[in-house]
There are 2 protein chains.
Amino acid sequence: MLSKREVFDGVPEEYLSHKERYENAIRNSVVAFSLVRKMQEEGKTSINNYRDVVGGLLGSSVLRDGSPLGLHYIMFMPAILNQANEEQQEKWLPRAWNCSIIGSYAQTELGHGTFIRGLETTATYDAATKQFVLHSPTLTAYKWWPGGLGQTANYCIVVAQLYTKGQCHGIHSFIIQVRDEETHMPLPGIKIGEIGAKLGLNAVNNGFLGFDNYRIPRTNMLMKHAQVLEDGTYVKSRHSKLNYGAMVFVRVVIVFDMVNYLSKAVTIATRFSAVRRQCQLKAGETECQILDYVTQQHKLFVSIAAAHAFRITANKLWLTFNEVNEQLVEGNLQRLPELHALACCLKAVTTADTAACVERCRLACGGHGYMMSSSLPLTYGLVTAACTYEGENTVLLLQTARFLVKTYQQLDSKALTPTVAYLKTAAAERFCVGWSNTTEGIIRGFQVVAMRVIIMSTFNEEVQEMSRTVSPQLKEVLHQLVDLYCTYWALEKLSDLLLYTPISQKEVESLRLRYEETLTNLRPNAVGLVDAFDLRDEMLQSTLGSYDGRVYERLMEEAMKSPLNAEPMLQSTLGSYDGRVYERLMEEAMKSPLNAEPVNYTFHKYLKPFMQGKL
Amino acid sequence: MLSKREVFDGVPEEYLSHKERYENAIRNSVVAFSLVRKMQEEGKTSINNYRDVVGGLLGSSVLRDGSPLGLHYIMFMPAILNQANEEQQEKWLPRAWNCSIIGSYAQTELGHGTFIRGLETTATYDAATKQFVLHSPTLTAYKWWPGGLGQTANYCIVVAQLYTKGQCHGIHSFIIQVRDEETHMPLPGIKIGEIGAKLGLNAVNNGFLGFDNYRIPRTNMLMKHAQVLEDGTYVKSRHSKLNYGAMVFVRVVIVFDMVNYLSKAVTIATRFSAVRRQCQLKAGETECQILDYVTQQHKLFVSIAAAHAFRITANKLWLTFNEVNEQLVEGNLQRLPELHALACCLKAVTTADTAACVERCRLACGGHGYMMSSSLPLTYGLVTAACTYEGENTVLLLQTARFLVKTYQQLDSKALTPTVAYLKTAAAERFCVGWSNTTEGIIRGFQVVAMRVIIMSTFNEEVQEMSRTVSPQLKEVLHQLVDLYCTYWALEKLSDLLLYTPISQKEVESLRLRYEETLTNLRPNAVGLVDAFDLRDEMLQSTLGSYDGRVYERLMEEAMKSPLNAEPMLQSTLGSYDGRVYERLMEEAMKSPLNAEPVNYTFHKYLKPFMQGKL
């Protein structure tokens, strides 16, 4: 059911108006998430299973530009789980779980994102009525971005500055009804709407939210950690850091998203490069597949390796996250800083690298990569957003750096957790043994310059591990991918290695040769490697990347779907090249909201008078 | 008149359907190009004047996503000027000049772009009827991409393989009528339509074109150079290279476009960074402008310097182009290879750098840079397209490299033209004098590694030249910009310098310090420098970049324009923050094609049954 690009309409989304796209998104979302509810009723609710299904749906073809219900699953419910006390969970979770209420999560404001302490929205406790008064004192205090808040959600978790007994106790979370459950009208004192068109994610219905002295019961403050008693007494949380939980969870999910988007983009670009031919090496010969050009291999192959490297690292992060969470339940916070730093670093590195790789894949498809029907522009729009949301990358990298420096300063005083243990060895060794152009040598080099080392060594270790059980042929390819990833980044970050390791000019030259050899060795397996990602055509949704390689036919078929083509095309004999074009044309003409005149009225109204000099 | 974002409708384009956007584009284009016709009638037709006006219009707010008439001016008319003989020019130019016919230019095919010799469209001469027979033997032979061809143009220059007397003579140009001048219907044998939605340029109405044994008179082959006589005898061109003219012209225009887009993006991002505040350095202090963070300065300032560097280099290229063209008229082709290499190199470098800079400016604005209303996503969509069209960048860089290597091999045997003279000095010197962290030293370094040296030294020379006439204060800032540009690229391409020049680790460290100092020194003038680009708010069309800094008010005002907000917002008291919101809301409600129900029907039809478990 989810394999259809549009559940209801036949006109591709890119031709619809903003409003029609929202209506499509709602129609498709309720169909898709009915499946999740079925799954829940059948008890398939383990967190992994759940993550896969929801993540899969949000990346699926029907919800390819996101969903107004996404945040309900990814932020609203997790926030209740992490921050509501038992009583509150009993009250809210069942209704959220079966979607009898739809929620969003509102933290960022028009004027504040990264600097959360600066949020302006206030929640002032009124002991007389046992209520909190929510208020937006300024325009910049308006909540801005929450998914689904625009026209969709009727509840929302809101982060606001808590005031009680005249004192501010910093930011806390509140569950707030924003629309009437029956009529869906915004409640009095609630100012709510959509923030408008964006580069991508236009199906998400991101909203704004302002409060005009809006009152909620005391019990709507999420009180698992901090509390406000009836008389207004503030009881603070035992662990200030516990709220990290939800934030880290989302960042883990993001790393998995990046793996999906990257696999998708490189599958499309690699398959296209096997179909596309350009230039004869000898006159009279058939033109070569562009995948045979080393420049094209350089653009694509590292993305295949990176997709595997990220997936392996993401799995490791997921395990760490679950371990640390179990420890949290027992009140053990020891590994929280490391988990936080890991999530920061991996979110920033994987989103930045994926954005660069996806865009390179798109550009590697030439003009055809610029077509919406290639699915590559949409994919870039989704990926580049992840560089900003849930922690802006520059800020996250600074936090990672701070963690690393802090750890480095305590090298001797403190036992190091596995992920940062390399700081010690690197500090100790300092290449007494000299440079070596091996995977291990390169990793040691990066340990010194502390770049991408976590991903690289995890990738290498896991592949070493796998190698014991797989066929020699597969083992070889896996090692080629590790090789490629390491040599690629060694050459990309060469200046660091030249400055801080003993690598010589001669070794650099042989490293370049080794990189090019690896590209050549991977070439025969390139298409097989992306086929191995096993992404159905219906998930790729791309004219350039389908399994059967019918690139040019699909490009033309998609072009036929443009409402602008419906009428004039009836004049054409295009059908002679594709038996199904006429049928499709008729179908499209029936579906699409076109005026019946054979020529667009703009010709007679504007173009013709202009051409005749009457305008 | 062109300062209004929409000439007719009040609803921003991003909310319209694909079809409505085309109709807007036509309405706006005929209004805009009526001005060009007026200008022509007033005799303001010098090529520079002309370039500025047409270029300005195509970059203007009403045609911000391109125009279906763009190619008529940028390719159709220049092609007639360069390739038609006098007789043909007399016949076609006046009609094209006053737009009584609208033309496009069709070269690229579905299956062939870069490898022009591989084009499949055939033009076979039939001596009996004195006609050429145009035919598309395969689907991949279809012309694909020509601007305005979809539903707009009625004529087109078509590049096809010329056959006469059973012999193929390679590609030649033909002027072809594709639609009836009266009814605008496609002519029999013409298969024509739109190629569909793209990442950007959706107002350009890019089209496809196929021929089914379509006949045109012999005299429709453009015969300034090669000819086919009535009996079918082929007379070949004296100079095979003459057709480069049009291609080079377009690439020069592209470099100027990049200057405009880059100035626009960095103006928006710099002004936003002066308004946006984030984080207190001391508790209780007001938060700092993000423009004060060195990370932000690092992201933005190089774009200010690059905009000047590109403008200066583009002017030089424009002069060279005109000189070489005058020599061509006299049959002197000597400098054509150099001009061609220059245009290749500068097109590739400026489009790639501008795309990177614009995207960095967008990301530097955080989430707000993701809003269409910031104008940054649209700008990136236009710029990244230029990395592919009119010569794919990777291919152009390979051509540049070939020219450089060829020149290098002939160092002694041949006198070098100014732009490549550095190859000799670089080869000679080889840093007998050692490295120096000065602008001159860095340029000498890049001469050795041959990176971006043309832009860098031109920038430096011109600024030295200007310095003689300007105030000391202006001189200082200009030199800071040159410094910034050189140090930035020295650090970006550090591995090349470390490998091939005597730069030391110590000199690298002081180079980094010097770079950061330059950022600090430029900070006080940053806003002044972008104001100096003198781009009117109406041209910027950005909520983030306007002169008065009303960022947050504009973001909210634009959000109000979303058709999704019209009805629910009547419920809100948002007006309390902005006196004009209600009026605007009413206006919007009147304008926009909305259904009157207070809540979108999707709630009652889909969302509510879903929430009640009935779906």
Side-chain angles (χ1 to χ4, degrees), chain A residues 14-19 23 26-27 30 34 99-100 110 113-115 139-140 151 184 186 191 193-199 212 278-279 295 366-367 370-373 377 388 392 394 494-495 498-499 505 552 558-559 562-565 569 571-574 577 599-600 602-603 606 610-611 615, chain B residues 14-19 23 26-27 30 34 99-100 110 113-115 139-140 151 184 186 191 193-199 212 278-279 295 366-367 370-373 377 388 392 394 494-495 498-499 505 552 558-559 562-565 569 571-574 577 599-600 602-603 606 610-611 615:
Chain A
E14 48 265 38
Y15 299 119
L16 302 180
S17 71
H18 186 69
K19 191 141 164 296
E23 291 161 8
I26 289 293
R27 284 196 296 259
V30 299
S34 307
C99 294
S100 65
L110 196 44
T114 296
F115 185 58
L139 176 61
T140 50
Q151 275 70 26
H184 206 58
K191 309 146 184 177
E194 194 219 10
I195 62 171
K198 294 144 291 173
L199 192 163
D212 182 8
Q278 186 169 276
C279 296
T295 47
Y370 198 71
M371 304 291 303
M372 291 304 286
S373 69
T388 304
E392 196 278 327
T394 305
L494 196 53
S495 57
L498 284 163
L499 282 170
Q505 182 166 351
Y552 301 113
E558 283 301 313
S562 169
L564 285 173
N565 285 337
M569 289 323 307
Q571 305 297 327
S572 92
T573 58
L574 193 77
Y577 292 113
V599 171
N600 186 281
T602 55
F603 170 70
Y606 300 103
F610 169 69
M611 292 161 81
L615 247 174
Chain B
E14 47 266 35
Y15 299 120
L16 303 180
S17 72
H18 186 69
K19 191 143 164 294
E23 290 161 8
I26 288 294
R27 285 196 295 261
V30 300
S34 307
C99 296
S100 64
L110 197 45
T114 295
F115 184 58
L139 176 60
T140 49
Q151 275 70 27
H184 206 57
K191 308 145 185 178
E194 194 217 9
I195 62 170
K198 294 144 291 172
L199 192 163
D212 182 8
Q278 186 169 278
C279 297
T295 47
Y370 199 70
M371 305 289 304
M372 291 304 285
S373 68
T388 305
E392 195 279 326
T394 305
L494 197 52
S495 57
L498 284 162
L499 281 171
Q505 182 166 350
Y552 300 112
E558 283 302 313
S562 169
L564 285 173
N565 285 338
M569 289 322 312
Q571 305 295 329
S572 93
T573 58
L574 192 77
Y577 292 115
V599 171
N600 187 280
T602 55
F603 171 69
Y606 301 102
F610 170 69
M611 292 162 80
L615 247 174

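Here the structure is a predicted model, which is why all the values come from computation and not from measurement. Chain letters run A, B, ... following the sequence lines, proteins first, then strands; residues in each count from 1.
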The reported gap from CD in A/E14 to NE2 in B/H18 (rounded to nearest 0.5 angstrom) is 9.0 Å

Bottom line for A/E392: the part with an atom under 4.5 Å from chain B's heavy atoms is side chain

When rounded to the nearest 0.5 Å, the distance separating CG of B/L16 from CG of A/L16 is 12.5 Å

Value for CG (B/L498) from CG (A/L494), rounded to nearest 0.5 Å, stands at 8.0 Å

One option among A/L110, A/I195, A/T295, A/T114 has the most heavy-atom pairs under 4.5 Å with chain B, and it is A/L110

Under 4.5 Å to a heavy atom of chain B? For A/S100 that would be both

Tightest non-hydrogen contact, residues A/M371 and B/K198, listed as SD-CG, 4.0 Å

OH of B/Y552 to CG of A/L139, rounded to nearest 0.5 Å, is 9.5 Å

Honestly, the part of A/S17 sitting under 4.5 Å from a heavy atom of chain B is both

field: Exam field: side chain A/Y15 to backbone B/A197, donor-acceptor pair closer than 3.5 Å
entry: yes

Nearest heavy-atom contact between A/G367 and B/T388 is N-CG2, 3.3 Å

